[in-house]
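Here the structure is laid out as structure tokens; the discussion comes afterwards.
Every chain is numbered from 1 and lettered A, B, ... according to where its sequence line falls, protein lines coming before strand lines. Since the model is a prediction, treat every value here as computed from it, not as a measurement.
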There are 2 protein chains.
Amino acid sequence: MPNPSLRDELQALPPTDPAVDRLVEQIIGRVADKWTMLLIEILTETEVCRFKELSRACPGISQKMLTQTLRAMERDGLVTRKVYPVVPPKVEYRLTELGLGLSKAFCGVWLWAEANFEAIESARAAYARDNPPKPG
Amino acid sequence: MPNPSLRDELQALPPTDPAVDRLVEQIIGRVADKWTMLLIEILTETEVCRFKELSRACPGISQKMLTQTLRAMERDGLVTRKVYPVVPPKVEYRLTELGLGLSKAFCGVWLWAEANFEAIESARAAYARDNPPKPG
DNA sequence: GCTCATGCTCTCTTTTAGGTAAGTATAAAT
DNA sequence: ATTTATACTTACCTAAAAGAGAGCATGAGC
């Protein structure tokens, strides 16, 4: 067993009751989504952003998805939304402490992905080799 | 600024080239999904699991989703799939080193969720209070 | 010879996600 | 008077995801 510490660590956690478990799973389901992750990364790097900046920094996202994701993040207390009553509109987004905490927690996943994308690519190649796409 | 270290840390990372960035984003998009996360957690705790056990441990997942998610994980090199040629069928799943690495990386997010679910709940309550559901 | 068990696969249907495009408000610039 | 800019909101539509349920293979047990 090459890495026993993690398993031990997880099993040493307080015996979470099922209700909390379900809630935590739900939160992870909510938060572990592509755009949320990207926005958190952008906001971590840039600290404060207007809507258009986020849209530019997040290539491929539609206005609708951006609004939607930001709203969900605001609802969950991950970002604050500051509206200036000017014309044209100006709105600033920034991470809350909670959001920054998630960012920090997620940092490990980014680092993992950066460190291991080659391994994943070669695993995919191997899988494709061993499992021919369309067996006659 | 209460937590400058993370921003500094991120900005100190090697200037990743855009192609790698896109790949990493894609991997995160692929891997940051509810069922994958759950299965990784279960497999981290149980080490080796049959299909039915996973299905039982993962309440709410349909057979189809389970198969599908496991296949994707296998393709990405996160789990191994060992088939015993017996009747009725027996298949064992376990995490690879790569999968265990992701598990470890994701552990931070689980801990964050467990530590902060109350904050999220109250943020939601506050949001609901300040933004009435259906204004006349 | 019937049933059960497991780990799928296939089909069908419903649900959801997400894209596009248009509309809104209004002050400042042309 | 018209255009521009920003940050949305709404309506509509399509494609993808996910759920339900049946089918399959086959040896063991009754």
Would you list the atom pairs, donor with acceptor, under 3.5 Å between side chains in residues 48-66 of chain B and any protein atom, with sequence neighbours excluded?
| from | atom 1 | to | atom 2 | distance (Å) |
| --- | --- | --- | --- | --- |
| B:Arg50 | NH2 | B:Pro89 | O | 3.1 |
| B:Glu53 | OE1 | B:Arg50 | N | 2.8 |
| B:Ser62 | OG | B:Met65 | N | 3.2 |

- Note on the structure: Heavy-atom contacts, protein to nucleotides 3-22 of chain C, under 4.0 Å, summarised as B (base), S (sugar-phosphate only) or - (none) per nt, yield --BBBBB--------BBB--
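- With sequence neighbours excluded, the residues forming a salt bridge (charged side-chain N to carboxylate O under 4.0 Å, His left out) with B:Arg124 are A:Asp76, listed by chain and number.
- Along DNA chain D, read 5' to 3', the first and last nucleotides having any atom under 4.0 Å from a heavy atom of chain A are D:dA5 to D:dT9.
- Grouped with A:Val86 in one hydrophobic cluster are A:Tyr84, the linkage being side-chain heavy-atom contacts under 4.5 Å among Ile, Leu, Val, Met, Phe, Trp and Tyr residues.
- Under the side chain to side chain contact (heavy atoms under 4.5 Å, CB included) criterion, B:Val109 pairs with A:Ile28, A:Leu102, A:Ala105, A:Phe106, A:Val109, B:Phe106, sequence neighbours left out.
- Applying the side chain to side chain contact (heavy atoms under 4.5 Å, CB included) rule to B:Ala123 yields no partners; only residues at least two apart in sequence or on another chain are considered.
- Partners of B:Ala72 according to the side chain to side chain contact (heavy atoms under 4.5 Å, CB included) rule, which considers only residues two or more places apart in sequence or in another chain, are B:Arg30.
- Listed by chain and number, the residues in a side-chain hydrogen bond (donor to acceptor under 3.5 Å, both in side chains) with A:Thr69 amount to none (sequence neighbours excluded).
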